[in-house]
*Asks:* 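Let me begin by handing over the structure; questions about it come next.
The first residue in the sequence is number 1, and the count goes up from there.
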Amino acid sequence: MPEAGGRACAAALIAGLPALSGPAGARPERIRPGHSYDSDETVTQGLVRDIGAERNYEEVYQRYRYHEVVYDESERVVIFKEYKRGDVVQVERYRWAPDGTLAERIVERPGEP
């Protein structure tokens, strides 16, 4: 019977792998709350946009389009900025409920009312 239990554990582990391959795998290796991180890649999960692999500012600034993100203490995105040719074209602000669900998403486009 131990063999059947081992198969069940392996199946549970494999079933959980897709959850691990989301934005958390693409995020910066070490996240410090309140600090900004840059990338030329984005990952979207539901309404929340996050960055892909972190790049240094000098690398992304040379790109046509790049992104900046700020995380909170729980490593959730609180600010997502999109740049085009060095100008901010969109800012998304996220407010999180105490239970960890998204409570509010505010989208701002500079120059638009």
Side-chain angles (χ1 to χ4, degrees):
M1 285 294 195
E3 186 176 310
R7 276 192 231 132
C9 287
L13 178 62
I14 291 170
L17 286 178
L20 297 175
S21 63
R27 292 174 155 199
E29 188 174 311
R30 185 170 175 217
I31 294 177
R32 295 185 331 201
H35 288 79
S36 63
Y37 297 88
D38 301 303
S39 182
D40 55 354
E41 302 172 11
T42 62
V43 177
T44 304
Q45 187 169 3
L47 295 174
V48 180
R49 294 187 354 162
D50 198 348
I51 60 170
E54 181 188 11
R55 307 272 187 249
N56 66 40
Y57 180 75
E58 291 78 20
E59 286 180 295
V60 298
Y61 184 76
Q62 297 173 19
R63 308 255 185 214
Y64 177 76
R65 186 178 299 266
Y66 61 95
H67 315 279
E68 175 185 359
V69 70
V70 177
Y71 299 99
D72 66 8
E73 299 79 19
S74 297
E75 299 185 357
R76 297 174 296 205
V77 177
V78 290
I79 300 172
F80 180 94
K81 291 183 182 180
E82 183 175 346
Y83 292 86
K84 186 175 179 181
R85 294 187 191 138
D87 296 323
V88 176
V89 294
Q90 184 166 303
V91 178
E92 296 179 21
R93 298 181 190 282
Y94 304 99
R95 191 173 56 81
W96 298 92
D99 67 358
T101 59
L102 182 62
E104 183 177 32
R105 175 181 176 241
I106 300 169
V107 179
E108 304 166 1
R109 291 183 180 89
E112 292 185 15

*Asks:* Quick check for you: to the nearest 0.5 Å, what is the distance between Arg105 atom CZ and Arg93 atom CZ?
*Replies:*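 The distance works out to 13.0 Å.
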*Asks:* Is a donor on one side and an acceptor on the other found under 3.5 Å between the side chain of Ser36 and the backbone of Val70?
*Replies:* no
*Asks:* Less than 3.5 Å apart, any donor N or O on the side chain of Asp50 or Tyr71 sitting next to an acceptor on the other?
*Replies:*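 Yes - a donor-acceptor pair under 3.5 Å links their side chains.
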*Asks:* Is the closest basic N to carboxylate O distance between Arg55 and Glu41 below 4.0 Å?
*Replies:*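 Salt bridge between Arg55 and Glu41, a charged N being under 4.0 Å from a carboxylate O: yes.
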*Asks:* Taking all atoms of both residues into account, what is the closest heavy-atom pair of Glu92 and Val107, and its distance?
*Replies:* CG-CG2, 4.1 Å
*Asks:* Taking a hydrophobic cluster as the set of Ile, Leu, Val, Met, Phe, Trp and Tyr residues connected by side-chain heavy atoms closer than 4.5 Å, whether directly or through intermediates, do Val69 and Val89 fall within one such cluster?
*Replies:* no
*Asks:* Please tell me if the side chains of Asp38 and Ile51 come closer than 4.5 Å, counting only heavy atoms from C-beta onward.
*Replies:*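 No - every pair of side-chain heavy atoms lies 4.5 Å or more apart.
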*Asks:* On a heavy-atom basis, which atom in Lys84 and which in Tyr64 lie closest, and how many Å separate them?
*Replies:* CE-OH, 2.6 Å
*Asks:* Give the intermediate values and the outcome of side-chain contact (heavy atoms from CB on, under 4.5 Å) for residues Glu54 and Glu29.
*Replies:* CA-CA 8 Å; Glu54 181 188 11; Glu29 188 174 311; over 6 Å; no
*Asks:* Would you say Leu47 ends up clustered with Trp96 if hydrophobic residues are merged whenever their side chains have heavy atoms under 4.5 Å apart, either directly or through other cluster members?
*Replies:* yes
*Asks:* Around atom CZ of Arg32, are there more than 12 heavy atoms of other residues, nucleotides or ligands at under 6.0 Å?
*Replies:*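 No, the 6.0 Å shell around CZ holds no more than 12 heavy atoms from other groups.
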*Asks:* Distance from Glu68 atom CD to Lys81 atom NZ, nearest 0.5 Å?
*Replies:*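 Separation between the atoms: 5.0 Å.
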*Asks:* How many angstroms lie between atom CG of Asp72 and atom CZ of Arg95, to the nearest 0.5 angstrom?
*Replies:*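 Result: 12.5 Å between the selected atoms.
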*Asks:* Over all heavy atoms of both residues, which pair between Ala53 and Ser39 is shortest? Give the atoms and the distance, please.
*Replies:*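 Closest heavy-atom pair between Ala53 and Ser39: O-OG, 2.6 Å.
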*Asks:* Roughly how far, to the nearest 0.5 Å, is the CZ atom of Arg76 from the CG atom of Leu102?
*Replies:* 10.0 Å
*Asks:* I need the minimum non-hydrogen distance between Arg49 and Tyr94, along with the two atoms involved.
*Replies:*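 Smallest heavy-atom distance, with atoms named: N-OH, 3.0 Å.
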